[in-house]
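Taking it in order: structure first as structure tokens, then the write-up.
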Amino acid sequence: ESSPHVADDTTQVQCLQDEDTPEGQIGSRCRWSWGFSARALAAFLVLVGPAIQYWSGFLPPEQSSRQSRSDQQGAENIPGHLVQLFGSGPNPQGDSKLCNSTRSSQYLPLRVWNLSPIWRRACEEKNHKKALAQERNWCWVGVKRQCHWNLKNHYPWIELQHMAAKAGAAPPVRFEPFSGLDQPHICDKPELGRSRKWSSAENSSAQLWFDKMVKVYVLNLPSDKERWEMIKARLEELKIKATRIEGVDMRVPGTLWTAKEKGWVPKEFNFTAAQKVAYQPRQEMGSILGTLGCASAHFKAQAQILADKPPLAVVLEDDSWPIDDFVTRLWALVHEELPCDWQITSLYSRCPYGTCISPRLARVQPDVNEPEWRCRQGVNWGMHAMLYRLSALPHFQQVWRRTVFNHQNPHCMDIDVALASISDKVSYYAVPNVQDPGFVRETNHRSARWHINQAAGTTSTSTSFVYVPKVRPGEPWPGAWNFG
């Protein structure tokens, strides 16, 4: 982000890496030349003090345990509004074709990584190098950055914390362990994504159930025909019928008006105001034009689900690659692991945050380590493969829309971020992407949302600033032919 702090006259620091180092080059390699300045001594005590305390046996009792203090606290230690009830849907018995009715209810505390001031200060020095103060847990930021740099890898949270600690961005696991997934031994393992040996009877039952209960939709921008042909061929190979839903490209003039008329975006939503907030320095966002289009497209897909009325619906983005036994895996997940209170499930959740409840499933929870004004941003990324329950969609869609289209909180316009932030109000489950291969893989196509945001990177972004010229008949590109 910004350059490292400049050392004083008696302390010279030459660092060959900061937090933006690409994956595969993790670990800080700095050459220190220590003088006898007060600043050098203070930095040494902040960074090395906890280790000296630990190995000398003088670490306070509450810090000496190898278990994270956040894992020790029960619901009674957290305010009432931060306690989430799991497994208590309006119809706990449910439909055996849509869920597993044997799952029990329990209270899930929304966990906070409570750290000593020494650790918090050390992480802030390493991970926060801008003058603008922000009330964030910078140790947790350091761990999440490792996840963001390794989105297509399959690292469990404990490995990500090891990597962050090696880079000097978070406490070592032996001092302050913290996992984005509580009960990580249940579902935070790469090997849990391996295929089972399905019997022919299981495959047959799964295909019959899928054809009867599930409808598949694919989101695809009109300009990305190659992506559509790719995923269409893959789905046909897996004997999956799919309906194409055109994405929403906000670069085209009049698209926002159309989206409001169709109900994909609330009519009262003020994009100009949202973009103005996004450009504020503390938001660190830039243009959100592509983000608006992405959110609108997913609500467009939901409108189609409500019109078609399938009991279950899978919405795929066009850079998803379902694995060979996708149909049978989904059948097994629904019948064996999904509790009957479920409303929406991500089949590919990156940097998942919540509580593992079964070998392939986690109950998503809001990350209260991040402030509300950032929409708890940074976990449960991705909308590549979403499973919807028709009977629940009208209810949670209202809460979701209000959260996404809030011009005062533009971080929530990332539709996946918004959904995770309200997971204490919505029964949201997810398959962690640590599991290899899991249900789907992400292809190597660029993110259309990111590309549009970068192309529109200006402090005067609007939904009508882009001039879209017309192509004359036979022109390979606009203006290629000169008609005089």
Side-chain angles (χ1 to χ4, degrees), residues 19 26 46-47 50-51 53-54 59-75 77-79 82-84 108-128 134-150 153-189 349-357 362-371 374 376-381 420-421 423-424 430 432-434:
E19 65 269 27
I26 300 167
V46 167
L47 293 172
Q53 285 183 316
Y54 182 84
L59 197 65
E62 70 273 11
Q63 296 183 34
S64 63
S65 171
R66 297 172 68 91
Q67 181 183 9
S68 171
R69 284 173 289 169
S70 65
D71 294 333
Q72 296 173 3
Q73 62 186 4
N77 295 326
I78 299 180
L82 296 184
V83 177
Q84 181 178 18
L108 298 179
L110 302 190
R111 300 171 301 126
V112 178
W113 194 4
N114 290 319
L115 293 166
S116 69
I118 292 178
W119 283 120
R120 295 181 72 96
R121 177 60 178 165
C123 292
E124 185 175 4
E125 283 291 319
K126 174 64 179 179
N127 301 322
H128 179 46
Q134 296 184 15
E135 64 279 15
R136 301 179 65 188
N137 184 332
W138 292 101
C139 295
W140 182 229
V141 171
V143 176
K144 288 193 300 180
R145 280 178 179 163
Q146 296 298 328
C147 187
H148 299 163
W149 293 338
N150 292 278
N153 293 321
H154 301 276
Y155 294 136
W157 279 110
I158 189 171
E159 179 63 24
L160 294 169
Q161 187 177 349
H162 279 307
M163 295 160 65
K166 184 178 179 181
V173 174
R174 67 179 181 272
F175 294 146
E176 291 286 357
F178 186 81
S179 172
L181 289 173
D182 198 16
Q183 305 296 321
H185 62 281
I186 297 177
C187 73
D188 196 21
K189 299 178 180 180
S349 183
R350 301 178 299 186
C351 309
Y353 190 90
T355 299
C356 292
I357 65 163
R363 177 60 161 91
V364 178
Q365 297 176 277
D367 179 8
V368 292
N369 293 291
E370 288 283 3
R374 288 185 61 87
R376 318 287 191 195
Q377 198 267 356
V379 294
N380 298 106
W381 279 5
S421 76
S423 53
D424 55 340
N433 81 320
V434 65

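Just so you know, these numbers come straight off a predicted model, no measurement behind them. Below, each value reflects all heavy atoms present in this structure, side chains not excepted, and no hydrogens, waters or symmetry copies.
Atoms CD and CG, on Glu159 and Asn153 in that order, are 10.5 Å from each other to the nearest 0.5 Å. Within the model, atoms CZ of Arg374 and CZ of Arg376 stand 12.0 Å from one another, a figure rounded to the nearest 0.5 Å. Between the CG atom in Asn137 and the CG atom in Asn114 there is a gap of 9.0 Å [rounded to 0.5 Å].
Among residues two or more places apart in sequence or in another chain, the salt bridge (charged side-chain N to carboxylate O under 4.0 Å, His left out) test is passed with Asp367 by Lys144. For Cys187, the side chain to side chain contact (heavy atoms under 4.5 Å, CB included) criterion is met by Leu181, Cys356, Ala362, Pro432, Gln435, not counting sequence neighbours. Under the salt bridge (charged side-chain N to carboxylate O under 4.0 Å, His left out) criterion, Arg350 pairs with Glu442, not counting sequence neighbours.
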Under the side chain to side chain contact (heavy atoms under 4.5 Å, CB included) criterion, do Lys166 and His162 qualify, and how do the steps go? CA-CA 6 Å; Lys166 184 178 179 181; His162 279 307; over 6 Å; no
Set out, in order, the CA-CA distance, both residues' side-chain angles and the distance that settles salt bridge (charged side-chain N to carboxylate O under 4.0 Å, His left out) for Glu124 and Arg120, then state yes or no. CA-CA 6 Å; Glu124 185 175 4; Arg120 295 181 72 96; over 6 Å; no
Go through it in stages, so that I can follow the logic: the residues are Val379 and Glu370, the test is side chain to side chain contact (heavy atoms under 4.5 Å, CB included), and I'd like the CA-CA distance, side-chain angles, deciding distance and then a yes or no. CA-CA 10 Å; Val379 294; Glu370 288 283 3; over 6 Å; no
So Asn369 and Tyr353, side chain to side chain contact (heavy atoms under 4.5 Å, CB included) or not? Walk me through it. CA-CA 11 Å; Asn369 293 291; Tyr353 190 90; 3.2 Å; yes
Evaluate side chain to side chain contact (heavy atoms under 4.5 Å, CB included) for Arg136 paired with Asn127, printing each intermediate quantity in order. CA-CA 11 Å; Arg136 301 179 65 188; Asn127 301 322; over 6 Å; no
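Heavy atoms only, all atoms of each residue included: Cys351 and Asn433 are closest at N-OD1, 3.8 Å. For the pair Val143 and Ala170, the tightest heavy-atom approach, listed with the atom from each and the gap, is CG2-CB, 3.7 Å. Minimum interatomic distance between Val434 and Pro156 (heavy atoms only, all atoms of both residues): CG2-N, 3.5 Å. Looking at every heavy atom in both residues, Ala167 comes nearest to Lys126 through O-CE, 3.3 Å.
Checking side-chain atoms of Arg111 against main-chain N and O of Phe178 turns up no donor-acceptor pair under 3.5 Å. Trp157 places a side-chain N or O within donor-acceptor distance of the main-chain N or O of Pro352, the cut-off being under 3.5 Å.
For the pair Pro366/Leu110, a side-chain contact is recorded, criterion being any heavy-atom separation below 4.5 Å from C-beta on. Side-chain contact between Gln161 and Ile158: absent, with no pair of heavy atoms (C-beta onward) separated by less than 4.5 Å.
Just one residue in the list Gln183, Arg363, Gln365 forms a side-chain hydrogen bond (donor to acceptor under 3.5 Å, both in side chains) with Thr355, and that residue is Gln365.
With a 6.0 Å radius and a threshold of 12 heavy atoms from other residues, nucleotides or ligands, Ile186 has its CD1 atom above the threshold.
Trp113 and Trp140 have perpendicular rings, their planes meeting at more than 60° on a 0 to 90° scale where under 30° would count as parallel.
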